[in-house]
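All remarks here apply to the structure that follows.
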Amino acid sequence: MAFYSEYPHTRNYDDDLRELIKLYKDLGKEYETLVQIYELVQQHIKDITIEQLQQWLDDGTLEDLINTTLFNEKISQIETADLLMQNSTFSNGSVVQTLGYHSINDGGHGMYLIKTQGDTTANGCTVLQLPNGLIAELIIPFEINVKALGAYGDGVHDDTTPLLFAFANVKNTGSIIFPVGTYLTAEPLIINGQKMGISIYSESRSTIKFTNDTHGLVLGSENENYGRHIVKNLIIQGINNYFAGTNTYTSTKHGIDLTKGFYCSFENVIVKGFQHGVHIDGSNYNAIHNTFYGNCEIIENEIGVYITGNAANINQFNNVRIRHNWKRGVIVVATTAPFPTSNMFINCYIESNIPYPYPEDHTTGNSDSVGILIFGSYQTVIQNCYFENQYFAAIMNGSSDGTLIENCFIVVGTGNGINKISLQGDGTNGNIINNVYFTDGGIIEINGNTQNYNQIRNSKGFTITGITNNNRPDIINSGKNVYNNGVSNNALTLIKSSMVAAFNGSTIGGITGMGTTTASVNLQSVSELQIGSLLTGDTTLTGFTGMVPGQLCILYNYQETHTITIPNGNGVSGPITPSGTDIKLNKYGQSVLLYYTSLNKVVILAANL
């Protein structure tokens with residue numbers, strides 16, 4: 001078919017033009033009827049002033065006039081579309097209003113034009129066959145009510161035909177409404193890739209139940225000039241049953257398929273029972289800026305959210321519950337550049353993404369229970385989220401860079417619900433874990449030979465495993481005055497708020513051999529050691545224990561009764577001092593800054609004497 005417009009991205013206007021031509025032809029066929037209606041209106045209101053018309057509108061006279069003249073003569077009323085298909089009394093050119101489709105007030109009311117059949121074939125949906133050989137053609141409004149097309153919505157009858165018609169015939173910026181009910185369909189519901197701005201909604205969270213292994217809503221676009229669809233207040237249900245107790249699943253399809261999806265938004269939508277609850281695929285073009293918010297739930301799928309492809313970017317999940325998915329709550333994955341970038345999970349509840357019934361235990365490395373898996377992706381944002389009851393809260397793998405996990409609360413369990421964070425694989429760099437709270441006994445696992453520039457900041461309740469000199473993260477202020485929060489051998493630690501007052505003893509902050517010339521101090525996890533009134537005698541510090549490469553520690557002197565001597569040494573038996581001479585602390589406010597090098601030597605970087 002020839003296009004009227006020159007450029008592909010404006011071809012949707014050709015569709016509108018064709019529809020306008022078709023409408024013009026249809027109007028021509030009904031010209032005589034329109035003339036009759038016009039004459040009726042002219043007969044009754046041609047001499048009426050605006051003031052009189054306003055009065056009639058206010059007191060109901062105008063409504064009575066229309067009902068007793070125009071509507072009484074030209075628009076008939078019948079209870080249901082089912083009864084209309086049994087009626088032989090209507091003549092060509094009549095307009096018939098129904099009060100429902102299968103029963104009065106079932107939501108399927110509509111307006112029909114009675115006409116000769118011609119080339120139009122009855123379909124039991126929008127074109128009804130009458131006993132007298134005429135047909136009743138539904139006057140399709142801009143907002144398509146699926147019950148007006150014959151859908152039952154009772155969870156028993158198959159509504160595939162009316163639902164397919166609605167999705168195929170909705171106009172740009174038009175709407176498809178699902179009145180309260182459960183609608184069964186055996187086929188996917190697809191919006192054409194050259195349409196934009198379609199609203200698909202229910203006023204009361206109706207259910208669309210797919211009875212075969214098929215996709216649910218398919219909302220892909222030809223390019224970024226289309227899309228922008230809105231889905232609201234619906235339950236999209238597939239064939240899987242998470243709580244069946246068999247720990248099996250048969251769906252191989254997606255509940256919401258956003259392959260090449262652009263700028264679509266979803267509010268108060270539940271997706272359940274599919275292989276992938278939400279599938280966002282930017283492999284062949286882009287899939288950009290799709291948003292889920294306002295009490296959405298992605299539950300009881302094999303994988304809740306699957307974002308893939310090298311241009312699946314800036315998709316956002318805000319205030320979404322991602323729960324009870326068999327294997328993983330979320331996967332963001334790509335294997336070739338450019339990688340998915342800047343996908344966001346904010347204020348989400350990520351819980352029990354784990355096989356059901358819950359296994360008694362999971363072995364280390366079990367990948368079938370993951371809250372969020374980031375693989376080969378950049379700048380993923382996970383903020384203000386709650387994690388509970390899965391083996392991994394989050395995994396970063398496959399050279400994933402720049403992930404931010406921030407302001408999150410992680411409930412630590414045992415066995416299957418450890419809920420640890422894992423940085424896996426070589427080249428997983430530049431990721432930040434900031435202000436994350438583990439309830440107790442949390443684990444951050446470092447599992448890769450070479451990782452750089454990862455940081456753990458201001459977090460609490462965890463230990464780190466798997467650190468080597470080639471993969472150690474920066475740990476900055478991990479829990480004020482709390483040691484063992486991530487501090488492990490060979491970690492680079494800058495624990496800025498771990499202040500300890502020196503005392504006589506061997507534990508953290510303690511001086512062993514106080515009052516002797518061979519004393520040592522335990523500086524594990526300590527960033528500031530305050531030497532005060534607990535010093536019992538002149539002391540020479542020759543040993544500094546518990547420090548790890550990269551650790552900084554300031555020694556402050558807050559007493560003048562005794563002298564602390566720090567002899568110049570080789571970095572092992574005594575630190576290396578700046579001037580190569582011994583340092584003495586015996587006045588208020590004196591301080592030295594210690595640094596532990598990667599060669600396991602203590603160096604004094606600066607001294608304030």
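Computed from a prediction, not measured in an experiment: that's the story for all the values here. Positions are given from 1 along the sequence.
To the nearest 0.5 Å, atom OG of residue Ser202 and atom CG of residue Leu234 are 5.5 Å apart.
With a 6.0 Å radius and a threshold of 12 heavy atoms from other residues, nucleotides or ligands, Lys232 has its NZ atom at or below the threshold.
Contact of the Ile456 side chain with the Phe462 side chain is registered, since non-hydrogen atoms from C-beta on lie closer than 4.5 Å. A heavy-atom distance below 4.5 Å is found between the side chains of Ile464 and Pro473. In this structure, the side chains of Leu585 and Leu609 come closer than 4.5 Å at one or more pairs of heavy atoms.
Here the side chain of Glu528 pairs no donor or acceptor atom with the backbone of Val526 at under 3.5 angstrom. A donor-acceptor pair under 3.5 Å links the side-chain atoms of Asn315 to the main chain of Ala287, judged by distance alone. For the pair Thr597 (side chain) and Tyr595 (backbone), a donor-acceptor distance under 3.5 Å is absent. The backbone N or O of Ser400 lies less than 3.5 Å from a partner atom in the side chain of Asn431, making a donor-acceptor pair. Using modelled atom types, one side-chain atom of Asn240 and one backbone atom of Thr250 make a donor-acceptor pair closer than 3.5 Å. In terms of modelled atom types and a separation under 3.5 Å, the side chain of Asn419 and the main chain of Val411 share a donor-acceptor contact. Side-chain atoms of Thr308 come within 3.5 Å of backbone N or O of Val333 as a donor-acceptor pair. Looking at Asn454, its side chain does come within 3.5 Å of a backbone N or O of Thr428 through a donor-acceptor pair. With Asn452 contributing its side chain and Asn429 its backbone, the two residues share no donor-acceptor pair below 3.5 Å. Under the 3.5 Å distance criterion, the side-chain polar atoms of Gln451 are matched with a main-chain donor or acceptor of Leu423.
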Please table the atom pairs, donor to acceptor, closer than 3.5 Å between any side-chain atom in residues 567-574 and protein atoms at least two apart or in another chain.
residue : atom : partner : partner atom : Å
Asn568  : OD1  : Thr577  : N            : 3.1
Asn568  : OD1  : Thr577  : OG1          : 3.1
Asn568  : ND2  : Gly580  : O            : 3.1
Asn570  : OD1  : Val572  : N            : 2.9
Asn570  : OD1  : Ser573  : N            : 3.0
Asn570  : OD1  : Ser573  : OG           : 3.4

Identify all side-chain donor-acceptor contacts of residues 376-384 below 3.5 Å with residues at least two apart in sequence or on another chain.
residue : atom : partner : partner atom : Å
Ser377  : OG   : Val332  : O            : 3.1
Ser377  : OG   : Phe375  : O            : 3.3
Gln383  : NE2  : Glu406  : OE1          : 2.7

Please tabulate, for side-chain N and O atoms in residues 541-549, each donor-acceptor pair with protein atoms closer than 3.5 Å (sequence neighbours left out).
residue : atom : partner : partner atom : Å
Thr542  : OG1  : Ala519  : O            : 3.4
Thr545  : OG1  : Val521  : O            : 3.3

Side-chain donor-acceptor contacts of residues 291-306 below 3.5 Å, not counting sequence neighbours, with atom names and distances?
residue : atom : partner : partner atom : Å
Tyr293  : OH   : Glu267  : OE1          : 3.3
Asn295  : OD1  : Arg321  : NH1          : 2.8
Asn295  : OD1  : Arg321  : NH2          : 2.8
Glu297  : OE2  : Arg321  : NH2          : 3.1
Asn301  : OD1  : Gly273  : N            : 3.0
Asn301  : OD1  : Phe274  : N            : 2.8
Asn301  : ND2  : Val271  : O            : 3.3
Asn301  : ND2  : Ile299  : O            : 2.9
Asn301  : ND2  : Asn325  : OD1          : 3.2

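Residues satisfying the side-chain hydrogen bond (donor to acceptor under 3.5 Å, both in side chains) criterion with Thr207, sequence neighbours excluded, are absent altogether. In terms of the ring-ring contact (aromatic ring centres under 6.0 Å, His included) criterion, Tyr453 has no residue partners (sequence neighbours excluded). Annotation: side chain to side chain contact (heavy atoms under 4.5 Å, CB included) contacts of Asp538 (sequence neighbours excluded): His562, Thr563. For the side-chain hydrogen bond (donor to acceptor under 3.5 Å, both in side chains) test, no residue two or more places apart in sequence or in another chain qualifies with Glu203. Ser199 pairs by the side-chain hydrogen bond (donor to acceptor under 3.5 Å, both in side chains) definition with nothing, not counting sequence neighbours. Judged as a side-chain hydrogen bond (donor to acceptor under 3.5 Å, both in side chains), and not counting sequence neighbours, the contacts of His276 are His254, His279. Applying the side chain to side chain contact (heavy atoms under 4.5 Å, CB included) test to Thr252 and every residue at least two apart in sequence or in another chain returns Asp213, Gln275. Thr512 meets the side chain to side chain contact (heavy atoms under 4.5 Å, CB included) test with Ser506, Ser520; sequence neighbours excluded.
In this model, no donor atom of one side chain and acceptor atom of the other lie less than 3.5 Å apart for Asn353 and Glu351. No donor-acceptor contact under 3.5 angstrom links the side chains of Lys260 and Ser221, judged on distance only.
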**Item:** Derivation of the side chain to side chain donor-acceptor pair (under 3.5 Å) call for Asn458 and Asn435
**Value:** CA-CA 5 Å; Asn458 307 315; Asn435 197 30; over 6 Å; no
